[in-house]
Amino acid sequence: MRNDELLALDRAHVWHPYGPMPGRAEPLVVASASGVRLRLAEPAEGHAELIDGMSSWWSAVHGYNHPVLNEAARGQLDRMSHVMFGGLTHEPAVRLAARLVEITPEPLRHVFLSDSGSVAVEVAAKMCLQYWRSLGRPAKRRLLTWRGGYHGDTWQPMSVCDPEGGMHQLWSGVLQQQLFVGEPPAAYEESYAELLRTAIARHADELAAVIVEPVVQGAGGMRFHDPGYLRVLREACDAHGVLLVFDEIATGFGRTGTLFAADQAGVSPDVMCLGKALTGGYLSMAATLCTSAVADGISRGEVPVLAHGPTFMGNPLASAVACASIDLLLSQDWALEVKRIESGLRAGLAGAESIPGVRDVRVLGAIGVVQLDHEIDMAAATRAAVREGVWLRPFRDLVYTMPPYVTEDADLARICAAVRAAAAAG
Ligand SMILES: *Cc1c(COP(=O)(O)O)cnc(C)c1O
């Protein structure tokens, strides 16, 4: 298909993320991708290829078109790409679940596989509400979270996204009313810890669970906080009989420097959500893990089953690639690679502080963020990055990057130059 034909059809028929219909901004057409490079159907700003600074929204940690992941997909394709999970099971899903239990914090033992992060959060909420219902406490049906979070775009996840800064303000009167405390400060402050304890204590009778993104709040604002708050949440939840859910969909698989962000606090949640990098960015898949206590509680109820079962649950193709992606990650010194990227981002973004309009520059693990003091001109900022030969997707007041772990130093330097250029242009 010719590029102009494709774009005309795209504009006429295809909805893009968070976009209007018909689309207002013209997307770039990607013909293929390999390593950390996206090959464009037609050059943009003189570049036939762009270095990917986004890992396709945190997911493509090993880069694109990876021979090991390709082989895993091909091998599984020849056996079966899908089979229903009701009444049937298969090695890829079983191996994946066992592997996830092995690498996540100790008490997580049971795995519910689903098709996207939002669904994994829906399942987490359902598990928590049903747990209390089964124990004869149906009034414990609300969730508590801190402001500035993002947990997905379906209804339950939307209700715990930041009610103002998030993308779902329109629905504030429609969504279930959850409980919010203020955004976590970056550094540990005892007064904020006390605020968390007080909120949990005061609302314990109506709270099913506390749900947070540990250490890094992603799409809600790219904010970092002291892992000590996770210990405060764990202690307060235990003290007052509230479950604790960690949404590690963005932070899982090494992004923050530890395999899971929870590891930085030495804290285990009762329920954990994984997604995004789970399949190395190849296929849509997510997982909700829970402890035996949660599973046993649900099983003791009047309705002892978890009534959830996506058509593509445990998809063999996605499971096989997820297993290969995890093996590939753990077979190398991934922590050293993330450290290397962290150093490169620190060095490359240091100069951004002096750009007019820049409010803050922060780096953690393989995440680099430049925050402006104004709403960004997304088109101008994106174009500035493309001019540097880099793909970035700025939003709100943020230009940020979370590159694939395989990004070499020279490419990383170019990504940093593009972040600076986008911040200056936006
Ligand atoms: C992306 C994300 C989700 C939603 O995942 P989808 O696969 O897009 O539905 C949920 N929680 C967090 C923390 C995320 O970053």
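Note: hydrogens, waters and symmetry copies are ignored here, and every other heavy atom, side chains too, is used. Whatever order the structure lists ligands and atoms in, that order sets their numbers, starting from 1.
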| field | Ring geometry between His225 and Tyr229 (parallel below 30°, tilted from 30 to 60°, perpendicular above 60°) | value | tilted
Show me the side-chain donor-acceptor pairs of residues 86-94 shorter than 3.5 Å, one per line, residues at least two apart or across chains.
residue : atom : partner : partner atom : Å
His90   : ND1  : Ala93   : N            : 3.4
His90   : NE2  : Gly314  : O            : 3.2

| query | Going through the checks in order, is the salt bridge (charged side-chain N to carboxylate O under 4.0 Å, His left out) test met by Asp52 and Arg393? | reply | CA-CA 10 Å; Asp52 175 31; Arg393 183 81 174 151; over 6 Å; no
| query | Is there any salt bridge (charged side-chain N to carboxylate O under 4.0 Å, His left out) pair reaching into residues 173-195, and which pairs are they, with sequence neighbours excluded? | reply | Glu183-Arg223, Glu190-Arg197, Glu194-Arg197
Could you tabulate the donor-acceptor pairs under 3.5 Å formed by side-chain atoms of residues 259-266, not counting sequence neighbours?
residue : atom : partner : partner atom : Å
Asp263  : OD2  : Phe260  : N            : 3.1
Gln264  : NE2  : Thr256  : O            : 3.3
Gln264  : NE2  : Thr256  : OG1          : 2.9
Gln264  : NE2  : Thr258  : OG1          : 3.3

| field | Shell of residues surrounding ligand 1, defined by a 4.0 angstrom heavy-atom cut-off that is strict | value | Ser116, Gly117, Ser118, Tyr150, His151, Gly152, Glu213, Asp247, Ile249, Ala250, Lys276
| message | Would you call the rings of Tyr18 and Trp57 parallel, tilted or perpendicular, taking 30° and 60° as the class edges? | response | perpendicular
